[in-house]
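Take a look at the structure set out below.
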Amino acid sequence: MYILAIETSCDETSVSINKDGVAVLSNVISSSSNLFYETGGVVPEVASRKQLEYIIPVCNKALKIAGVDFKDIDYIAVTVGPGLMGSLLVGVTFAKTLSLIFNKPVIPVNHLYGHIYSAFISNYLGENLGTKVSFPIVALVISGGHTDLVYLPDSSSTKYLGGTRDDASGEAFDKVARILKLSNYLGGPKLSNLAATFDINNSKGLKLPRPLIDSDDFDFSFSGLKTAVIKEVGAFEKDEVSYQFEQAVVDVLLYKTNKAFKTYKPSNIVVCGGVSANKAIRSAFIEKFNDKVIFPRFELCTDNAAMIGCAAFFNLKNATFDLDQITPDPSLSLQNLT
Ligand code: KG4
Ligand code: ZN
């Protein structure tokens, strides 16, 4: 069974072909992020114009790499939110157009749900990943726009546990990278690379807070951590600030996830979203949860269509020919799921 999946929620234009959901035959990603280093953030109008330009060639390339024709496709999956309205509209309109022309049903997908299912992909471009995720799961979604902790007893129900009250974890990484003048945009990986060079023996004793770590819930807060960095930044070297900031984020994410683990006793923990590519986070979670914790393959951490195709496969019941039901919703969250 073949799913053609489309992801255009932010500044990526991506189309994939998934076979039986969890095998990815092609996953073409075209990003306009290089245009936003000057502005320090996505300019929505520019992003959606680029997506209009890219969507047809990206789709053709995905079909060609997979060696699949439109007539072979069983379902079209598309991200309907959260994201930028103009960007979502490009993907949704394209999906509806394909549905009308080729008479295929459409499966609307919540982008954050897509991140969770990125960890379920077990064959990527012909390579067997050996992944096996079992329900019930606790999922920690850490991306540029979201930080959410959810419990999924099975593939058809979701319990929202908590999330960030202010900045998302990726946003905090990017803002601190900007404060340290490492990068104007998407500086998370640069900050993490610098943190990895820090030698603890050279520490000047910087201490940063672990916001909400003792709160009686599953919520997070990262803006206070960023403010603490601003206060200290002049007095310490950049590598120490990067290291201590990263450690503070790791500690809070690990503590709250462990609390959810102890409460819900899941078979697996899934850590996903752009920030799950972070090596310090990966090693801390592996040390704590061993093989119970599952991360997506690195290329599947940031936005891509393959994860949308995989999430759609676990939600075939949502497939519809009623295209009026498929509408972009920029503020969709994991709380909307039942
Ligand atoms: O999931 P994603 O591609 O986009 C959203 O849906 O938001 O996540 C992008 C975020 C950015 O904030 C980026 O800096 C962060 O993920 N990120 C990282 C790393 N790689 C990507 N943050 C920390 N360490 C990394 N290695
Ligand atoms: Zn994302």
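In each ligand, atom 1 is the first atom listed, and ligand 1 is the first ligand listed.
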message: Quick check on the Zn ion (ligand 2): does His115 put an N/O/S atom closer than 2.8 Å to it?
response: yes
The one among Gly188, Gly274, Ala196, Gly187 that brings a heavy atom closest to atom 20 (N) of ligand 1: Gly274
Of the N, O or S atoms in Asp303, the one nearest the Zn ion (ligand 2): OD1
message: Could you work out, for atom 19 (C) of ligand 1, the closest of Pro189, Pro82, Ala168, Ser118 by heavy-atom distance?
response: Pro189
query: Which ligand 1 atoms, with their elements, are less than 4.0 angstrom from a heavy-atom of Thr302?
result: 3 (O)
query: Any chance the side chains of Lys288 and Thr257 put a donor and an acceptor closer than 3.5 Å?
result: no
message: Testing the 3.5 Å rule here: is there a donor-acceptor pair between the side chains of Asp11 and Ser33?
response: no
task: Out of Val249, Asp303, Asn304, Leu186, indicate the one that has the non-hydrogen atom closest to atom 4 (O) of ligand 1.
output: Asp303
task: Looking only at protein heavy atoms, identify the closest one to atom 26 (N) of ligand 1 and say how far it is in Å.
output: Asn278 CA, 3.5 Å
task: Spell out, as yes or no, whether a donor-acceptor pair under 3.5 Å connects the side chain of Asn268 to the backbone of Ser134.
output: yes
- request: Examine the proximity of ligand 1 to His111 and report which part, side chain or backbone, both or neither, has a heavy atom under 4.0 Å away.
  value: side chain
field: Under 4.0 Å to a heavy atom of His115 - the qualifying atoms of ligand 1, by number
entry: 1 (O), 6 (O)
- prompt: Does any donor atom in the side chain of Ser169 or Thr147 lie under 3.5 Å from an acceptor atom in the other side chain?
  reply: yes
message: Tell me whether Lys279 reaches ligand 1 (any heavy atom closer than 4.0 angstrom to a ligand atom).
response: no
- prompt: Quick one: are Asn123 and Val24 in side-chain contact, heavy atoms under 4.5 Å?
  reply: no
- prompt: Which is closest to atom 13 (C) of ligand 1 in terms of heavy atoms, Val141, Asp174, Leu112?
  reply: Asp174
- prompt: Using the ring of each side chain (for Trp, its six-membered ring), is Tyr117 parallel, tilted or perpendicular to Phe135, with breaks at 30° and 60°?
  reply: tilted
Nearest non-hydrogen protein atom, atom 15 (C) of ligand 1: Val275 CG2, 3.9 Å
Element-labelled atoms of ligand 1 that are located less than 4.0 Å from some non-hydrogen atom of Gly170: 12 (O)
message: Closer than 4.0 Å to some heavy atom of Gly145 - which atoms of ligand 1 meet that?
response: 7 (O)
message: Using 30° and 60° as the class boundaries, would you call the ring planes of Phe295 and Phe285 parallel, tilted or perpendicular?
response: perpendicular
field: Plane angle bin for His115 and His111 - parallel if under 30°, tilted between 30 and 60°, otherwise perpendicular
entry: perpendicular
message: Between Thr327 and Gln325, is there a side-chain donor-acceptor contact under 3.5 Å, judged purely by atom types and distance?
response: no
- prompt: Are Cys10 and Asp303 close enough, and set up right, to give a side chain to side chain contact (heavy atoms under 4.5 Å, CB included), and what steps lead you there?
  reply: CA-CA 8 Å; Cys10 190; Asp303 294 349; 4.3 Å; yes
query: Of the backbone and side-chain N, O or S atoms of Cys10, does one lie nearer to the Zn ion (ligand 2) than 2.8 Å?
result: no
field: Contact atoms of ligand 1, heavy-atom distance to Gly144 under 4.0 Å
entry: 5 (C), 7 (O), 8 (O), 9 (C), 10 (C), 12 (O)
